[in-house]
Enquirer: 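Structure in structure tokens, see below.
Every heavy atom of this structure was used, including side-chain atoms; hydrogens, water molecules and symmetry mates were not. Chain letters run A, B, ... following the sequence lines, proteins first, then strands; residues in each count from 1.
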There are 2 protein chains.
Amino acid sequence: MKKQKATSNDVARLAGVSRSTVSRAYTPDSNVSEKTRQKIYKCADEIGYRPNALARSLISQRSNIIAVVIGDLINPFHALATQQIVERLRDMKLVPIVFQIGQDAATKEYWQAIEEYQVAAILITALNVTEDVQSAIRGLDTPCILFNRSLAEVDLPSVAPDLRQGGHLAATHLVKSGCRRIAIVGGLAGTATAEQRMNGFLSGLEQAGLEPFKIVSGNYRYEGGAKAADEIFSADTWPDGILCANDLLAFGLIDQARKAYHARIPEDVLIVGFDGTPNSAWGAYDLTTIELPLDSMLTSVARMVDNIVNDKPTGETEEAFACRLIPRSSSRRSTNR
Amino acid sequence: MKKQKATSNDVARLAGVSRSTVSRAYTPDSNVSEKTRQKIYKCADEIGYRPNALARSLISQRSNIIAVVIGDLINPFHALATQQIVERLRDMKLVPIVFQIGQDAATKEYWQAIEEYQVAAILITALNVTEDVQSAIRGLDTPCILFNRSLAEVDLPSVAPDLRQGGHLAATHLVKSGCRRIAIVGGLAGTATAEQRMNGFLSGLEQAGLEPFKIVSGNYRYEGGAKAADEIFSADTWPDGILCANDLLAFGLIDQARKAYHARIPEDVLIVGFDGTPNSAWGAYDLTTIELPLDSMLTSVARMVDNIVNDKPTGETEEAFACRLIPRSSSRRSTNR
DNA sequence: CTGAAAGCGCTTACAG
DNA sequence: CTGAAAGCGCTTACAG
């Protein structure tokens, strides 16, 4: 049923050349006459030959497989980033093999299983890179790169947004818009990204001489935002501005605030999200948000991966790119206020 | 810098056994005494040995790599499905290597490049499997499975929702809710899934003796829904119900209808989406939707893949699972109507 | 239960 | 520009 796959031997025989020459025909910049190369391609096509990437990796001791460790794709920013990473890798003739992060990511076995595939590098885009995960990563043979998160503590190459700056930007924006009672909905407890966003928020408020009106813990998910709304709007006094650690939280918060408390946005309260997801532009929210510099980060990580794959010096091991505020109506001070 | 990876030879030497025995220690159900197996594991751990999956595949002529061809992860259903597929594969000790579908998917080269990785199967979850893509797939050495789409024309194994039934369900629901002027926002032109959804809508209306009030073309994206709203609500007469080919279209339509035309949902018009995305439950929309049977589909595709990987007979080559209506407030007939 | 030998499909010095 | 030879790290009959 399943036909036997053609090998380079078959092509060689058919083309009347050696296996070596067939191999060269498929290796860029190698010494083959254009004439034989074309002849080989033609023969190959005839019998449906394609080089075996596995055998090639094995003998040449270099792999064009990159492991991508992803987190929750429900988060639209992660979904978008993952898709773009796949595309960028493809542009570099690299191929992603993807793993979902989970409980077992704290074990050495999890990462060794990845290494079995001889990946050239491991790209981690998952959110929850906790302490124990980090120590599991340490001591791997394979170079790791952190995407969209920086672990200042670990000396892992990483490309990350300047979340502190982004948080500061968000807070300052609300202050400038006239808010004085600013509440904060935090991100997933225990993660570095949540901490950095929070630090940014706080520093922005502090600079304006403001204390946070209230701090509520979130978890980066829609439901967490809805819950946060309950905590915030069930109180006697409402804040006049709310900083959310990501867009998803803001969506949940807005929906619940409107539905259960008839809060008007922005008339009653201004809201700022974080991530710059495509969804933030949706009419129901029209959410002011802090846009993460996805393109810059992708370009940077592409360069890092390229360096690793081509044995070039790695260069700087950490970069942080500035975030940008996208002003929308969720934080537009209403004229009739 | 990069330390030389340990091989089975190194372990064999250290443990005082042959390479064959080391190999057996890592092969389930093979003949090794438990004692030597443990000794081997211990030695392996000492020098950080892990079997090379590539070499293993090469010699054993079987691969546990599965190619997953994805489409647009902006679509939350696709994002969710992709994530779940990755998890299911992992449960089966299989590993996904992912490719983005693109223009070049209509070329044989695109698919042959995938085959270079000796994948055991190709799982296609992308949306736009057009005619020319199909003919490029034909004649591949590797078994392909269509996920979430069925191409009745091609004899490719597929697991799909019964979209026609789902569409019928949606239409009938609106009819029962009292709608008589029902508009339809269609999916991406030229795709089988859009056609099936449309057929379902139409058959539901026809059964009630209704003609569609208006048919507008969409593209499965948020922006398409917003545009459709303009076409529909700028007219003198509004429909009293709208069937959207997917949730994303419904979101865009709802937002634009509310914002630009002050349409009230469900007071002025009932709306039904399609896909059962997590977002449909969001408070801003609370969208009645046709839920795709994701779990059943995943279980089915997992079995198909398992059959292929383990050379078991494939069984039926096409399954269609029933969709379910999730009633929500976007289609709740208002009492004060 | 274990080992020696052959071989998966390829690349890459080496020699011409 | 081309070929013969060695070898990447492993598995699997075969023989014991």
Enquirer: Given the P atoms of D:dT2 and D:dA6, what is the spacing between them in whole Å?
Expert: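 Taking atom P in both D:dT2 and D:dA6, they lie 23 Å apart.
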
Enquirer: Check the phosphate of C:dG9 against B:Q61, side-chain N and O only, distance under 4.0 Å to OP1 or OP2. Yes or no?
Expert: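 For C:dG9, OP1/OP2 do have a side-chain N/O of B:Q61 under 4.0 Å.
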
Enquirer: Considering residues at least two apart in sequence or located in another chain, which fulfil the salt bridge (Lys or Arg N to Asp or Glu O under 4.0 Å) criterion with B:D132?
Expert: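 By the salt bridge (Lys or Arg N to Asp or Glu O under 4.0 Å) rule, B:D132 matches no residue at all.
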
Enquirer: Taking Watson-Crick (N1-N3 plus N6-O4 or O6-N4) and G-U wobble (N1-O2, O6-N3), each under 3.5 Å, can you produce the dot-bracket string of DNA chain D? Use [ ] for crossing pairs and | for inter-strand ones.
Expert: |||.||||||||.|||

Enquirer: Within this structure, what is the OH-to-P distance between B:Y117 and C:dC8, rounded to whole angstrom?
Expert: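 It works out to 23 Å between those atoms.
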
Enquirer: For A:S33, which residues count as a side-chain hydrogen bond (donor to acceptor under 3.5 Å, both in side chains) partner, sequence neighbours excluded?
Expert: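 side-chain hydrogen bond (donor to acceptor under 3.5 Å, both in side chains) list for A:S33, sorted by chain: A:T36.
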
Enquirer: Rounded to whole Å, please give me the gap between CG in A:D10 and P in C:dC8.
Expert: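 So the CG-P distance, A:D10 to C:dC8, works out to 11 Å.
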
Enquirer: By side-chain hydrogen bond (donor to acceptor under 3.5 Å, both in side chains), which residues pair with A:D29, not counting sequence neighbours?
Expert: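 Partners of A:D29 by the side-chain hydrogen bond (donor to acceptor under 3.5 Å, both in side chains) criterion come out as none, since no residue qualifies.
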
Enquirer: Measure the distance from CZ on A:R62 to C1' on C:dT11 and round it to the nearest whole Å.
Expert: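 In whole Å, C:dT11 C1' and A:R62 CZ are 12 Å from each other.
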
Enquirer: Polar atom pairs between nucleotides 1-4 of chain C and protein, under 3.5 Å, N or O only, would you list them?
Expert:
residue	atom	partner	partner atom	Å
C:dC1	OP2	B:N31	OD1	3.4
C:dT2	OP1	B:T36	OG1	3.4
C:dT2	OP2	B:S33	N	3.2
C:dT2	OP2	B:T36	OG1	3.0
C:dG3	OP2	B:S18	N	2.9
C:dG3	OP2	B:S18	OG	3.0
C:dG3	OP2	B:T21	OG1	2.6
C:dG3	N7	B:R24	NH1	3.4
C:dG3	O6	B:R24	NH2	2.4
C:dA4	N7	B:S20	OG	3.4
C:dA4	N6	B:S20	OG	2.7

Enquirer: Please name all residues satisfying side-chain hydrogen bond (donor to acceptor under 3.5 Å, both in side chains) with B:S63, sequence neighbours left out, ordered by chain then number.
Expert: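 If we apply the side-chain hydrogen bond (donor to acceptor under 3.5 Å, both in side chains) test to B:S63, skipping adjacent residues, there are no hits.
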
Enquirer: Mind calculating the distance between CG (B:L54) and P (C:dG7) to the nearest angstrom?
Expert: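 So the two atoms are 22 Å apart, to the nearest Å.
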
Enquirer: Identify, with sequence neighbours excluded, every residue that meets salt bridge (Lys or Arg N to Asp or Glu O under 4.0 Å) alongside A:D10.
Expert: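 A:D10 satisfies salt bridge (Lys or Arg N to Asp or Glu O under 4.0 Å) with A:R13 only.
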
Enquirer: Kindly write out the residues that satisfy salt bridge (Lys or Arg N to Asp or Glu O under 4.0 Å) with B:E87, not counting sequence neighbours, or none if the list is empty.
Expert: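 Checked B:E87 against salt bridge (Lys or Arg N to Asp or Glu O under 4.0 Å); zero matches.
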
Enquirer: Near DNA chain C, counting only heavy atoms under 4.0 Å, which residues of residues 40-51 of chain A show up?
Expert: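 Within residues 40-51 of chain A, the residues near DNA chain C are A:Y49, A:R50, A:P51.
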
Enquirer: Is A:D306 salt-bridged to A:K312, cutoff N-O under 4.0 Å?
Expert: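 Salt bridge flag = yes for A:K312 with A:D306.
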
Enquirer: Any base atoms under 4.0 Å from A:S23, or only sugar-phosphate, or nothing? Heavy atoms, all strands.
Expert: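 The answer is base, as A:S23 lies within the cut-off (heavy atoms under 4.0 Å) of a base atom.
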
Enquirer: If you look only at pairs with a residue in residues 13-66 of chain A, which of them pass as a ring pair (Phe, Tyr, Trp, His ring centres under 6.0 Å), with sequence neighbours excluded?
Expert: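 Listed once each, the pairs are A:Y26-A:Y41, A:Y26-A:Y49.
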
Enquirer: How many Å lie between CZ on A:R13 and C1' on C:dG9, as a whole number?
Expert: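 A:R13 atom CZ is separated from C:dG9 atom C1' by 13 Å.
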
Enquirer: Starting at CG of A:L58 and ending at C1' of D:dA6, how long is that distance when rounded to a whole Å?
Expert: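 Answer to the nearest Å: 14 Å.
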
Enquirer: Between B:R56 (CZ) and C:dG7 (C1'), how many Å, whole number?
Expert: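 My rounded result for the distance is 17 Å.
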
Enquirer: Looking only at heavy atoms, which two atoms of A:V129 and A:Q134 are closest? And how far apart?
Expert: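 Nearest heavy atoms, A:V129 then A:Q134: O-NE2, 3.5 Å.
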
Enquirer: Rounded to whole Å, how long is the line connecting atom CD1 of B:I59 with atom P of D:dA13?
Expert: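 Atom-to-atom, B:I59 to D:dA13, this comes out as 10 Å.
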
Enquirer: Listed by chain and number, what are the salt bridge (Lys or Arg N to Asp or Glu O under 4.0 Å) partners of A:R88, not counting sequence neighbours?
Expert: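 Salt bridge (Lys or Arg N to Asp or Glu O under 4.0 Å) list for A:R88, sorted by chain: empty.
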
Enquirer: Residues two or more places apart in sequence or in another chain: which of them pass side-chain hydrogen bond (donor to acceptor under 3.5 Å, both in side chains) with B:S300?
Expert: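 Only B:E319 meet the side-chain hydrogen bond (donor to acceptor under 3.5 Å, both in side chains) criterion with B:S300.
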
Enquirer: Expressed as a whole number of Å, how far does the P atom of D:dG9 sit from that of D:dA13?
Expert: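 The same atom, P, in both gives a distance of 23 Å.
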
Enquirer: Between D:dG9, C:dT12, C:dG9, which nucleotide gets closest to the side-chain atoms of B:A55?
Expert: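 Nearest to the side chain of B:A55 among the choices is D:dG9.
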
Enquirer: For residues B:P157 and B:M304, report the shortest heavy-atom separation together with the two atoms involved.
Expert: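 Minimum heavy-atom separation between B:P157 and B:M304: CB-SD, 4.4 Å.
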
